[in-house]
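Counting starts at 1 for both ligands and their atoms, following the listed order. In this text the structure is predicted, and so the values were computed from the model without any measurement.
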Amino acid sequence: MAGRLSTWLRGEGEAEASLASLRAAKDAAEAANEAKTRFLASVAHEIRSPLNAIYGYAQLLERGDGKDVLGAARVIRRSAEHLAHLVEGLLDISQVEGGAMTLSREAIRFPEFLEQLIAMLELQAQSKGLALVLERPERLPEYVHADPKRLRQVLINLVANAIKFTDHGSVTLKVDYRNELATFAVIDTGIGIAPEDAQRIFAPFERVGGPAGERPGVGLGLAITQALVHIMGGEIRLESAPGEGSRFTVRLMLSQPLTPPSEPAPEAGAVTGYLGRERWVVLIDDDAAHLAMVKGFLEPLGFQVRTACDAASGLAIAAQVQPDLVLCDVMLGSENGWDVAAQLRARHGAALKIVMLSGEGLGSTVPPPASGGASDTFIMKPFAFTDLLDVIADQLGMEWVRAAGEPRLPAKAGDAATALPRIIAPVAAAHCAEIERLVRIGHVRAIEAEIDAIAALAPEAAPLAERMRSALDSFDLKALAGLAKAVQTDAA
Ligand code: ADP
């Protein structure tokens, strides 16, 4: 009896415990739901005001009373920029929340990384008459392990905020490094933060201090910064008082590589052509810019290239020229690239090599058919041209002809266009480093944005931006990379 009673009691206890845990789960789900509703309401609210401005000013322009066209255009551009920041921030937040944000671990040159970061923000500080100071110990490790993109994002958010909320004095980035623990303090002499606001400013869309519009922003920066710091396993702290400035401190473990990473091996001479008979390639892609870019890359190497922007013309051109290779996008507008591959295979047999190019971004790719599809292989977009060459050589069993030694640089350091005023040279160099990276993956739209950013730095940058644009327009990516490299050499 006693045994049965204790079993029953235990059973009762367990039932109560599971009821309590169910209740807790229900409360948590309800709280999460409420938080989501609040969040969505804030998003809608944040979108509405810039959208209203765009809508209103566009109608004014349409009416054509022509009063202040430039002013209206400026408001529209600012509102669009605000919306673009908002979208970027929301994507970051959703990545963090969904656990989809992965960190890279790279050996970065620590002192150089910090100096570049300051160079990027220097103009912003100068335009407000503020001193921007990097305070660092004499001895810092040459290399540390970090995700450079995310660490940069954290520090830029904090320093940019410090500049934004400071009207007189200085902003200091103070860096310390001891026993693999890096401490970054961003100290300003700005408006400060009241103790009652110290917590909530880290929540999405929470903004305090001054009327909206006076200091632009969307209120996502600190939420993203805090989330990133936590993902990196670190902590963030705030010390501040109204009128006495603020100090945001981030502490992160940044280990040092045991041995300094080896410098990249010197590049083999650039590919200039191939051995053997002439090869025919058909490109099928609904993105005209991508077609032009790949064609502009392959033709100078001696390929005969034909392009098609939909399935029907792709199949017709292939029937006409009997190519050696077809490069086909998996998403052709409303059509499915895998179906095109199957038809090509049926008509041309195994001798035709088919390489599928998959769409950019998560979730935009049409999955291959269950059978695995008719293609020979698959490349993810955006891809590095060198990777495309590897795939082509592999599929067609070809051998490349390479230029002897270093690739020819179409622009030399010290060239009139690449020598920029000292004040903008470091920032232009940072944009150029990004352009070099983008050239390697052939991301045309992002390159255009970087060139626009260079053009916006100062009137003196206009000739450089112009040369870069014309190199990009003619898909002379080698010339573009040469210019980007020369600017960095000049700035060093
Ligand atoms: P945003 O800067 O877009 O408004 P953030 O999330 O980066 O959004 O910051 C939230 C709020 O925190 C800001 O609106 C401001 O009120 C406050 N804040 C952030 N940094 C500072 C700072 N250095 N000095 C004073 N207030 C700050």
Side-chain angles (χ1 to χ4, degrees), residues 35 38-39 42-50 53 78-97 117-118 120-122 124-125 127-135 150-175 183-231 235-250:
R38 268 200 315 275
F39 181 75
S42 311
V43 172
H45 172 80
E46 285 300 320
I47 291 176
R48 202 166 287 135
S49 30
R78 282 217 198 101
S79 307
E81 277 167 7
H82 182 88
L83 285 173
H85 283 141
L86 189 65
V87 169
E88 254 168 53
L90 287 172
L91 284 177
D92 274 341
I93 292 239
S94 84
Q95 260 194 329
V96 172
E97 298 270 303
L117 191 106
I118 293 295
M120 283 169 76
L121 293 155
E122 200 131 49
Q124 225 166 302
S127 70
K128 287 190 76 180
L130 300 174
L132 178 59
V133 185
L134 172 62
E135 212 182 295
R150 296 308 178 181
L151 180 57
R152 194 177 295 122
Q153 192 176 358
V154 163
L155 296 176
I156 285 182
N157 275 348
L158 294 178
V159 176
N161 268 352
I163 295 172
K164 187 160 64 176
F165 294 101
T166 302
D167 299 323
H168 309 283
S170 62
V171 171
T172 305
L173 171 60
K174 185 168 184 286
V175 183
T183 308
F184 303 91
V186 177
I187 308 153
D188 66 52
T189 54
I191 61 171
I193 297 158
E196 64 271 22
D197 295 325
Q199 287 269 325
R200 70 180 180 98
I201 55 169
F202 287 96
F205 300 115
E206 290 290 352
R207 314 190 63 221
V208 287
E214 190 185 297
R215 302 176 199 266
V218 291
L220 288 176
L222 282 181
I224 293 169
T225 301
Q226 186 181 45
L228 285 175
V229 170
H230 288 163
I231 292 179
E235 57 175 35
I236 181 164
R237 247 194 12 233
L238 165 64
E239 293 150 84
S240 183
E244 288 178 25
S246 309
R247 180 189 193 110
F248 285 85
T249 309
V250 170

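Nearest heavy atom pair, residue Pro204 against residue Ala223, reads N-CB, 3.9 Å.
For Leu220, every heavy-atom contact with ligand 1 shorter than 4.0 Å involves the backbone, none the side chain.
Taking 4.5 Å as the limit, every side-chain heavy atom of Arg150 sits out of range of all side-chain heavy atoms of Ile231. Counting only heavy atoms from C-beta outward, the side chains of Phe202 and Ile236 approach each other to under 4.5 Å.
Residues satisfying the salt bridge (Lys or Arg N to Asp or Glu O under 4.0 Å) criterion with Arg200, sequence neighbours excluded, are Asp197, Glu206. Residues passing the salt bridge (Lys or Arg N to Asp or Glu O under 4.0 Å) test with Glu235, sequence neighbours excluded: Arg251.
Taking only non-hydrogen atoms, the option from Leu86, Thr166, Leu222 nearest to atom 5 (P) of ligand 1 is Leu222. Nearest to atom 20 (N) of ligand 1 by heavy-atom distance, out of Thr225, Asn161, Ile224, is Asn161.
Annotation: Gly221 places an N or O atom under 3.5 Å from an N or O atom of ligand 1; distance criterion only.
Ligand 1 has at least one atom lying under 4.0 Å from a heavy atom of Phe248.
For ligand 1, the atoms closer than 4.0 angstrom to any heavy atom of Lys164 are 1 (P), 2 (O), 3 (O). Heavy-atom proximity to Gly219, at under 4.0 Å, picks out these atoms of ligand 1: 1 (P), 3 (O), 4 (O), 6 (O), 8 (O). Counting atoms of ligand 1 from 1 in the listed order, those under 4.0 Å from a heavy atom of Ala162 are 23 (N).
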- [ ] Take Asp188 and Lys164, measure what salt bridge (Lys or Arg N to Asp or Glu O under 4.0 Å) needs, and give me the verdict at the end.
- [x] CA-CA 10 Å; Asp188 66 52; Lys164 187 160 64 176; over 6 Å; no

